[in-house]
Amino acid sequence: MDIKSVEKKWQQKWEKSKLNVFDPRSDAPKYYVLEMFSYPSGAKLHIGHWYNYGPADSFARFKRMQGYNVFQPMGFDAFGLPAENYAIKTGVHPKDSTEKNIETMERQLRAMGAMFDWSAEIKTCEENYYKWTQWMFLKLYQKGLAYRKEAPVNWCPSCNTVLANEQVIDGRCERCDSVVVRKNLTQWFFKITEYAEELLSGLDRLDWPEKTKNMQRNWIGKSTGCEIEFTSEQGDPIRVFTTRCDTVFGVTYIVLAPEHPLARKLATPEQREAVEEYIDYAARANEIERLSTTREKTGVFTGAYAVHPLTGRKVPVYLADYVLATYGTGAVMAVPAHDERDYAFAKKYGLPIEKVIEKRGGETELPFCEDGIVVGSGALNFDGLFGDEARDAIATYISKLGKGGKKLNYRLRDWLVSRQRYWGAPIPVVHCPVCGAVPVPEKDLPVKLPYDVEFRPDGKSPLAKHEKFMRTTCPKCGGAAQRDPDTLDTFVCSSWYYLRYADAANDREPFSRAAVDRLLPVDTYVGGAEHACMHLLYARFFTKALRDMGYLDFDEPFKRLVHQGVILGPDGNRMSKSHGNIVSPDEYVEQYGADAFRLYLMFGFSYTEGGPWSDDGIKAIAKFMDRVEKLVLKTEEYKKPKEQEAYGAAEKDGLDLVAWGVVREYGNRAVRHEFSPYLRLDELYDGAACAELREAVLDCNAELGAPFGKLVRRDIVAENRIFFDEELLNYAEDVEWNFRLFASVRRAVILSEYAHHYVYHPASLTSLITEQNAQSAVLCFGKIRGGIKHTPDEERLQEQIDYRFLFMLTAISICGFFHPKNEASYSEKKRAFKAYVAQDEVKRTLRSPSRKRLSFAQRTVIFCMRHRWCFALRILASVRYREKKAA
RNA sequence: GCCGCUGUGGUGGAAUUGGCAGACGCGUCGGAUUUAGGAUCCGAUGGGCAACCGUGCAGGUUCGAGCCCUGUCAGCGGCACCA
């Protein structure tokens, strides 16, 4: 078959027919399948794109065949640093290079044969999109969720911009790997911390990979503890946060972060110089050094003392950079006996170490950091309490004193969104010397990004150097003012794009409520795991904020999340230029076609794991497709009407059952994104199911083959369309086109002009179970011991199970009365069995509704009820197969 | 250090709710076809002569465990001076 022309033909047909466009008037339930949109980098689609979009698209098709009105849009995350860095290197303007890249990628995405709804396409760098990104900023500002403050920020000296915490990996810039330095800058922040609790608790209800949910949980980092107020001798309150207030009686000193506001103030004249020096030192030390756990702790005594709120004891106040200014209160109470860090610090500076917790039932060895029994509370009488109990009591006491109390703390920091770069959405704020920071009125949006800018990297934002852009008037007082020279982090753009898709052409608002209500939330979201703590967290934050402003009616943007794995190079390493192991999709698509390529991606890997690429793998797929075609061509010969009806009822029923089972099975897996194992041509005609049929199919010259001819074709073409439609797309449709024989299709298959858009509803099991084939397998001692015929009526099966059946199973299983190894005569077995079941306890067991107390027999019956179709069939098939072989 | 995930043939990886482990491929071996090679098709392929034994290791629950429980080891991923 000429795969390329077939692909082209069908892709054009779909395009013309607009079958991929979401139909808002349809009555069918909606299903929103979303893949993370692409960043238009210079290169063509790489294998990661294909792996993300190909199988996800097959999933979308599957949902469509199940009768859903599927919405699957595609767009481009077009702003971002790489385009700007490319401009600095080559002089090509980011807008030009981005547009060119998008054009290329669009073409490639279309050639992939995916059913993207291009009518909803969005590009975040276009005015009609970033206008609304700016609108989002204004809304957050109005709601008090965007604010400006001077804060120590992560500065990447190579990218010349600040980075969000999430973008700093091991003290280095996520993008360029340079060492990040700390800098004080006035920047815009989004108050994501306001939603910390909901972002955390909402995770429980999401159908997301556990791993990802855990990463977010860690990132949010909730800890339950207690705030305690100490007082300096001069009277300044020093609040500390601790999760171990049960150790409060062991406090022998206090430590402040070097950036703590009281650090300088508390220093005594004698210590002033040393303190200044230390603060200086800490500011210079870069993140890497500071974060290293192996590094020896450093610190300095302020000369000041603080008063312990419970004991009235005076304890020295130290500065040390092992305390972080940005977490908790920026100050900790040090309990060297029960904290490793405090212990190490106390040892080094010769501070007292006092045991106040005792190990329960054992020798207490310091530092002892586990829960234990309070022993050092003195007159306050907390001695003897353990762990939580002690913490509860002490925290309650502290709050009664008015010196603090229970407190929740989060590791999550506010999201820094200013970027000193050009290629992003300008921050819609004007700085007026009179009015201060004034938001740009909605009607003046968008704040347009100028085209003619200077990219030379000199630490200043390119926009800051663009006079025409910067000079403006204050919207409030009308006086001369300056624009904010920064742009928004590109993660702001991607925090709401899934909403825009629903109403991409709207030029009056970011989205209409009606459109969003119809399509959102996203039912299945597919993309890489690397966004766990950034995009996926930010997007959730946006959704919740917009909900609270009344624009949305749901809490979570992505109901279900699937991460695709990573396709590695043939050598098992990550694909990279330095390894020289990059597999380019293009050459394979050229040789085998897009369908074969996609099929291999689904078939050759576990979707969420990925794995090394193999040339043999894709060859095997090509071979598979070849065999399907041959099989269909062969069966074409069996068309004679008389012979068509010659196959027996039993065979037909058997085949129906198999088809039903496989279709159901496939469906079960497909909804879980487990595609790989269910493309077995052979299984359909396997010995387990229909040995005769398989022979007939594989040897078309055999006499037996003729009666099955039509059935085979029906099955391959009609029943298994579910496989082909999804994964073989164009190819399958052409096969079908050439051999359409739908006359005998009994399923509720709705025909339309375009084969792959059939709605497929597998028939119910009940309709397939007949008097002939309703059987259960009898399992006993772990093996199948036989089959039992019963009623085909699924609903009434339970009551129709006759006592003999039940008792026989009981006998076989529990007592072994009828076990093959039991040598007694039949009547002896029967007598023993009857005596056994006459016992009250056995009777009770047999009637017990509790699953736990069910006997084996009952469980077997239940099991068989659930599985009977498959086991019954297998028994039938294998018996028949054996008989035939013997004959 | 803490949290999470994963351990199945020579190999990628199957196995529904605990129910015939190793599907479907790749590779290998044998056969057919071919002047030959390639391609294609057919058969065999966990171990053991056998009964049997086999899902990282050691236990446990169960009539029955790859799957559930306890412990342990290894690999991967994330977090990491977060008080």
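In the text below, chain A, chain B and the rest are named by the order of the sequence lines, each starting its count at 1. The model shown is predicted, which means the values in this text are computed figures rather than measured ones. These numbers come from the heavy atoms of this one structure, side chains and all, not from hydrogens, waters or symmetry mates.
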Residue set satisfying ring pair (Phe, Tyr, Trp, His ring centres under 6.0 Å) with H308(A), at least two apart, ordered chain then number -> F230(A)
Checking contacts here: which listed nucleotide (rA83(B), rG78(B), rG4(B)) is nearest the side-chain heavy atoms of V323(A)?
rA83(B)
Quick one: side chain to side chain donor-acceptor pair (under 3.5 Å) partners of Y592(A), sequence neighbours excluded?
none
If you check every side-chain atom of L324(A), which of rA83(B), rG78(B), rC79(B) has the closest atom?
rA83(B)
What integer distance in Å separates Q216(A):CD from rC5(B):C1'?
17 Å
Dot-bracket, 5' to 3', for RNA chain B please: Watson-Crick or G-U pairs under 3.5 Å, [ ] where pairs cross earlier ones, | where the partner sits on another strand, dots elsewhere.
(((((((..(((......[....)))((((((.......))))))((....))..(((((..]....))))))))))))....
Geometric cation-pi criterion, K222(A) with Y410(A): 6.0 Å, 45°
no
What residues form a side chain to side chain donor-acceptor pair (under 3.5 Å) with T243(A), not counting sequence neighbours?
none
Ignoring hydrogens and angles, write down the donor-acceptor pairs under 3.5 Å from the side chains of residues 330-339 of chain A, residues two or more places apart or on other chains.
from: H338(A); atom 1: ND1; to: F368(A); atom 2: O; distance (Å): 2.8
from: H338(A); atom 1: NE2; to: V356(A); atom 2: N; distance (Å): 3.0
from: H338(A); atom 1: NE2; to: I357(A); atom 2: N; distance (Å): 3.1
from: D339(A); atom 1: OD1; to: R341(A); atom 2: N; distance (Å): 2.8
from: D339(A); atom 1: OD1; to: R341(A); atom 2: NE; distance (Å): 3.2
from: D339(A); atom 1: OD1; to: D342(A); atom 2: N; distance (Å): 3.1
from: D339(A); atom 1: OD2; to: R341(A); atom 2: NH2; distance (Å): 2.7

Partners passing side-chain contact (heavy atoms from CB on, under 4.5 Å) against K347(A) (at least two apart in sequence or in another chain):
Y343(A), I353(A)
Please pick, from rC81(B), rC3(B), rG78(B), the nucleotide with the shortest atom-to-atom distance to any side-chain atom of K297(A).
rC81(B)
If you check every side-chain atom of K211(A), which of rC3(B), rA83(B), rG77(B) has the closest atom?
rG77(B)
Report the relative orientation of the aromatic rings in W415(A) and Y538(A); use parallel for angles under 30°, tilted for 30 to 60°, perpendicular for over 60°.
parallel
Of all the choices, rG4(B), rA83(B), rC81(B), which nucleotide is nearest to the side chain of D339(A) once you look at every atom?
rA83(B)
Taking rC79(B), rA83(B), rG4(B) as options, the one with an atom nearest any side-chain atom of N214(A) is rG4(B)
Can you identify which nucleotide, out of rA83(B), rC81(B), rG4(B), has its nearest atom closest to the Y322(A) side chain?
rC81(B)
Rounding to an integer number of angstrom, what distance separates rC67(B) and rU8(B) when you compare their P atoms?
13 Å
Which nucleotide sits closest to the side chain of D616(A): rA80(B), rC81(B), rC26(B)?
rC26(B)
What nucleotide, of rA83(B), rG78(B), rC79(B), holds the atom closest to the side chain of R411(A)?
rC79(B)
Looking at Y327(A), I'd like to know whether one of its side-chain N or O atoms comes within less than 4.0 Å of OP1 or OP2 on rA83(B).
yes
Under 4.0 angstrom between S223(A) side-chain N/O and rA83(B) OP1 or OP2:
yes
